[in-house]
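As the structure lists them, so they are numbered: ligands from 1, and atoms in each ligand from 1. Numbering starts at 1 and runs along the sequence shown.
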Amino acid sequence: MNFHIMTLFPDMVSNGLSESITGRAINNNLISVNTVNIRNFAGNKYGHVDDYTYGGGAGMLMQAEPVYKAYQSIIDNNNLADKKPRVLYMTPQGTPFNQRMAEELSKEEDIILLCGHYEGIDERVLEMIVTDNVSIGDFVLTGGELPAMMIVDAVSRLVPGVLGGEESAVYESFYDGLLEYPQYTRPEVFMGKEVPKVLLSGHHKNIEKWRYEQSLQRTKERRPDLYEKYMIEHEENR
Ligand code: ADE
């Protein structure tokens, strides 16, 4: 699976993703992260890619042309003209990203992610190239790099082979749609606090029951919205 990231800060993205599990996935050729510096497509010798907004208002806007040229270079250099890959624009005005979207995206061969800066990007180029507007939450960041890295991470871990045997169990959680139950490792007693007895019992049915109840309780407390949804979808548990 190939991620193509259009950004003004390519090092931020490639350095961040070269660590940990995404780094291992890159080294094992399970994913590739190809950053394209939008500044390389500036139409002037100063490397400026931004300008004032028509109609006034605070801040600068990224211009259409360097963004379009950067996009075209990705299409040309990777023979993507016929494939029409999805182009995700990172914006607080997008659809909130979630696990379902990560699962859907993990089936794509190539994904282009566009990171904005300043006050945003000229609408015309967005209309021409963007297929999905994606937000990572109701808050405003200084740029789209962190959102893009988050999406690459969430999608990559669903690509077969990216998670090792032990890690994949976490994703294949039985309790779909609920938050995970609490977990413990050695020692059995830490500063007087004991590991719940049932987990030491070796009784798998009881352990499973306990974890399910913990998941339900945690979801009800922390994410009543998810809890409601789960209960509606699992009427028989009421
Ligand atoms: N760029 C700035 N803030 C963002 C957000 N919340 N989600 C996606 N892209 C962004």
So Y68 and Y71, would you call those rings parallel, tilted or perpendicular, with 30° and 60° as cut-offs?
-> tilted
hydrophobic_cluster_shared for M128 and I111, side chain cutoff 4.5 Å | yes
What protein heavy atom is closest to atom 7 (N) of ligand 1, reported as residue, atom name and distance in Å?
-> I136 N, 3.0 Å
Is there a chain of hydrophobic side chains (I, L, V, M, F, W, Y, each step under 4.5 Å between heavy atoms) that links L126 to L88?
-> yes
of all protein heavy atoms, closest to atom 3 (N) of ligand 1 is L141 N, 3.0 Å
Does R124 offer a backbone N or O that forms a donor-acceptor pair with the side chain of D122 under 3.5 Å?
-> yes
T91 versus N133, side-chain donor and acceptor atoms under 3.5 Å = no
Near G137 (heavy-atom distance under 4.0 Å), the atoms of ligand 1 are 6 (N)
If you measure only the distance, is there a donor-acceptor pair under 3.5 Å linking the side chains of H117 and E145?
-> yes
Between Q217, R211, K209, which is the residue that forms a side chain to side chain donor-acceptor pair (under 3.5 Å) with E213?
-> K209
Run the side-chain contact (heavy atoms from CB on, under 4.5 Å) check on I136 and L141 step by step: do they pass?
-> CA-CA 10 Å; I136 55 145; L141 299 170; 3.8 Å; yes
At a 4.0 Å threshold, what atoms of ligand 1 neighbour a non-hydrogen atom of V134?
-> 8 (C)
Report yes if V140 has an N/O atom closer than 3.5 Å to an N/O atom of ligand 1; otherwise report no.
-> no
In ligand 1, the atoms that come under 4.0 Å of a heavy atom of M90 are 8 (C), 9 (N)
Under 4.0 Å from a heavy atom of G143: give me the atoms of ligand 1 that qualify, with their elements.
-> 1 (N)
Against heavy atoms of F139, which atoms of ligand 1 measure under 4.0 Å?
-> 3 (N), 5 (C), 6 (N)
Which of the numbered atoms in ligand 1 are below 4.0 angstrom from a heavy atom of P147?
-> 8 (C), 9 (N), 10 (C)
So, is T142 polar-close to ligand 1, with some N/O to N/O distance under 3.5 Å?
-> no
Quick one: which ligand 1 atoms are inside 4.0 Å of a heavy atom on S135?
-> 6 (N), 7 (N), 8 (C)
Closest protein heavy atom to atom 4 (C) of ligand 1, given as residue, atom name and distance to 0.1 Å = P92 CD, 3.6 Å
Would C115 count as a contact of ligand 1 if the rule is a heavy atom under 4.0 Å away?
-> no
Say whether, by atom type as modelled, one donor and one acceptor occur between the side chain of N78 and the main chain of L80 under 3.5 angstrom.
-> no
